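Note sheet for the following structure.
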Amino acid sequence: MKALVTRLDSFGDVLLAGPAVRAVAARADHVTMVCGSRGAPAARLLPGIDEVLVWEAPWGGFEPPDVSRPDIDALVERIDADTALILTSFHQSPLPTALVLRLAGVRYIAADSEDYPGSLLDLRHHRAPHAHEAESALDLAEAAGFPAPDDGRLRVRTPPRADALTGPGPYVVLHPGASVPARAWSPGRAAEAVRELAAAGHRVLVTGGPDERGLTAHVAGAHGTDLGGRTDAPTLAGVLAGAAAVVTGNTAPAHLAAAVGTPVVSLFAPVVPAERWRPYGVPHVLLGDQDAPCADSRARDCPVPGHPCLNTVTATDVTAAVEKLIAVTQPMGET
């Protein structure tokens, strides 16, 4: 059986599809994943994927491209699958993707859909209303005939060791950036947290993408180690895997940390519900006002002056959460 899984949005979304991908891979001879360019680095980390097709969908992403008939025709020609799972967030429709897959000749297509699918879906599944995104994807896979072959936690391929970047000894990672501004802690608060964590005896590494070097340099200051722009996806996985804890917002590194088994202090802005997007399958502490006026707004920029849902979280709160997680997860007797 040739199977195909689609998840067309971002890096973290693709990581959350990982348990469902493994379920499909346990019964399929070949698994292709279709994703956008922002999700492709995550797809290449997932166990069970044989091929990654990168395609920017006009109905997905922050800056979707215009509809292009030649572009869609080219994708249709590349798809070679018998069965497909279309994975979407709770507010997204799978039907445009299903139409493309039908045109490509995929015989069996399954998706969660509240909209009437006509002949576009063979399995129109309804997700549980409060399930985590990773669980929803697994539920769909099982309904389509792909039961979970393992514990269903997030996983990635074994990352490379990152000792050359991290240096010797224990450390905590703080990742101050986020995919959208509404989910980011303020740079000032993040810098305070680095200073307070260092004062409490923790070595702090500050991570970020190539376009976040100014942010990571500011946050690291004189008390942290700035790794901004120095980690691709596999290397970041290695850095996070070696950390005692990771401090980050609701953004990709939270899910990557979970995928390598590292505890997470989650600075979670409630613009999307934590029950669906919290760090999955690892010890974590959720910080941030989950009842703030922005709750469930899906806002990309904070709609409330002062960003109170996160900026009421202090450096002391973060330090206490880090030490709580380390105390819970550190083997007895280890220092």
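Everything numeric in this text was worked out from a predicted model, so none of it was measured.
A donor-acceptor pair under 3.5 Å links the side-chain atoms of Arg124 to the main chain of Glu114, judged by distance alone. No donor-acceptor distance shorter than 3.5 angstrom exists from the side chain of Ser186 to the backbone of Asn311, with no hydrogens or angles considered.
When the options Leu240, Thr207, Val260 are evaluated for a side-chain contact (heavy atoms from CB on, under 4.5 Å) with Val246, the one that passes is Leu240.
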Original post:
Can you check side chain to side chain contact (heavy atoms under 4.5 Å, CB included) on Leu197 and Val322, steps first, answer last?
Top reply: CA-CA 9 Å; Leu197 285 164; Val322 165; 4.1 Å; yes
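For the atom pair CD of Glu275 and NE2 of His132, the computed distance is 10.0 Å after rounding to the nearest 0.5 Å. The distance from the NE2 atom of His130 to the CD atom of Glu135 is 12.5 Å, given to the nearest 0.5 Å.
Checked by atom type, the side-chain pair Trp59/Thr97 shows a donor-acceptor distance below 3.5 Å. Checking Thr312 against Arg189 by side-chain atom types alone, no donor-acceptor pair falls below 3.5 Å.
Using a 4.5 Å heavy-atom threshold, the side chains of Arg38 and Asp9 count as separate.
Summarising the local packing, CZ of Arg161 is surrounded by 12 or fewer heavy atoms from other residues, nucleotides or ligands at distances under 6.0 Å.
Note that Arg276 lies in the cation-pi zone of Phe90, set by a 6.0 Å cut-off to the ring centre and a 45° limit from the axis.
A salt bridge between Asp139 and Arg127 is absent, with no side-chain N of the basic residue lying under 4.0 Å from a carboxylate O of the acidic one.
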